[in-house]
Amino acid sequence: MSPPPPASPSRLPPDGSGEADHAPRGAGGRAPALTFIFIAALLDIIGIGIVVPVMPRLVAELGAAGDLSAAAWWVGLSMTLYTSVQFLCAPLLGALSDQWGRKPVLLATSAVAALGYFGTAWAPTLGWYLASRALGGFGGASLSVATAYIADVTPPEKRAQGFGMIGAAFGLGFILGPAIGGLLGASDMRLPFLAAAAVCAANFLFGLFVLPESHRAEHRRPFTWGAANPLRWVATLRQHPVVAGLAIAMIWQGLGHQCLQSNWALYTAHRYQWTPRDVGVSLACVGLGAAVVQGGLIRVLLPRLGERRAIVGGLSLSLVAMILYGLAPQGWMIYPVLVVASLAGIAGPAMQAQVSARIAPHQQGAVQGSLASLMSLTGVVGPVVANAVFGFATGPSTPVRVDGAAFFLGATLMAIGLMQVLRVFRREPAPRRAEAA
């Protein structure tokens, strides 16, 4: 994820117009607009983070008589359902935002997310719970629009830092969200879902009254169902071999991360007997690390490393962290590993910058939606497979108990993604001038 120099043909958008190097700054000015989208994303992530510590236990209560190993498959299915809806809706929302603007789409997704959390909070059965999570998946498909918003208001050479702000919002959201969720869930497992619904409602009001529109009228284009096709990215990305190669690497990386995300609460509760409060504290530390790295260190590290080295280094650190998570025999050992995993966060913004630099302004919403859909696709497969591995490796019928099996699977997938990135970069030599590209 190192950007090539402006003169490089690979920087041109798919239509060869060169517009990608002249992204608009947005209606309200770059700095205020980024502040607004940061706060909106922060509120959204707080809403997601609040429910993470209690979700596995609620699913176990509804569908597995409280047995975490037996509930692992249902937890994976609920996550798969959520991300399946994201996969289908992310390009749709991105294409709609290309026609109608980013703000109305962000408002709609915030409202739907609030309804989904309210439905989950009152779920009397597992079926009701799954239906509510599907509704929440539509609301959670807004990341593609937020990413396009960043591209609207940020020049190409600053986009890695701009995308890092979303990473910082994720970090801060996961400091506040899981900590709140762990505390609330200690008294009532359904209370965090009500709190998440309230946060999403606040996000809606914030966007309604404060968020400026970023997508200029001259860069808008009519909506077509072809642009909303979740598999359209295949044809789009083929126009840029480097972007397509990075997209394939993102698939492997995303699958590896799913092994972590879908198993964290299950794994720590099973192996270390962590309570929702313990899980919330650990995820708050994850968020703190992400906020420090993506909100601050990335501004120092990226100019020095260049985006290519940031990608390779970040993926390598992710691979190491996954192995260490799976090996850690005691819960306190998780925390030093979190430092390594936090530094790995420099890879994501650099990769997004590489992709967006090759896309024209009028295509940012659709292409970012396609990439978000692509990453959601990893969430369709990853949780079910990873949680099935966890359930088998820790269940009573397993011949050899391996508590960290899902993390070792994740490390293997990360290694494949790293090899793909190295293959892409060998095909396109780094530019002579600073790898700021």
Side-chain angles (χ1 to χ4, degrees), residues 1-6 8 10-11 20-21 23 34 38 41 143-144 146-148 150-151 154-171 237 240-254 256-257 289-321 340-359 364 367-368 371-372 374-375 378 414 417-431 433-437:
M1 302 162 184
S2 33
S8 170
S10 63
R11 275 185 77 91
D21 285 337
L34 287 179
F38 171 80
L143 182 58
S144 62
T147 305
I150 295 286
T154 312
E157 67 274 10
K158 296 291 185 181
R159 282 183 189 157
Q161 290 92 328
F163 294 136
M165 287 191 66
I166 291 186
F170 267 81
L237 297 182
H240 292 289
V242 174
V243 175
L246 290 176
I248 293 172
M250 289 169 70
I251 292 176
W252 292 111
Q253 179 194 23
H257 275 299
V292 170
V293 172
Q294 299 200 37
L297 281 180
I298 194 171
R299 300 174 185 274
V300 177
L301 295 175
L302 269 180
R304 295 187 178 186
L305 293 175
E307 289 173 6
R308 293 188 177 216
R309 294 191 192 94
I311 294 168
V312 173
L315 290 178
S316 300
L317 289 175
S318 290
L319 190 161
V320 171
V340 177
S342 297
L343 290 172
I346 63 174
M351 187 174 291
Q352 288 177 314
Q354 283 282 282
V355 171
S356 69
R358 295 167 169 84
I359 305 302
Q364 288 287 344
V367 173
Q368 295 293 351
L371 288 173
L374 172 65
M375 295 312 295
T378 68
M414 287 286 186
L418 176 59
M419 289 187 288
Q420 170 65 16
V421 163
L422 294 174
R423 180 170 170 267
V424 170
F425 289 160
R426 277 198 300 268
R427 283 182 167 184
E428 184 193 57
R433 70 186 178 102
E435 242 200 330

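Bear in mind the structure is a predicted one, so any value in this text is a computation, not a measurement. Any value given below was found using the heavy atoms of this structure, including those in side chains, with hydrogens, waters and symmetry copies removed. Residues: numbered from 1 along the sequence shown.
- For A321, the side chain to side chain contact (heavy atoms under 4.5 Å, CB included) criterion is met by Y325, V337, V340, A341, not counting sequence neighbours.
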Distance-only criterion, 3.5 Å: show the donor-acceptor pairs between side-chain atoms of residues 311-319 and protein atoms not counting sequence neighbours.
| residue | atom | partner | partner atom | Å |
| --- | --- | --- | --- | --- |
| S316 | OG | V312 | O | 2.8 |
| S318 | OG | G314 | O | 3.2 |

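- Distance CD/Q420 to CE/M250: 12.0 Å, rounded to 0.5 Å.
- Considering every non-hydrogen atom in both A350 and L302, the closest pair reads CB-CD2, 4.0 Å.
- The two residues V421 and A249 make their nearest non-hydrogen contact at CG2-CB, 3.5 Å.
- P349 places a side-chain heavy atom less than 4.5 Å from the side chain of I298.
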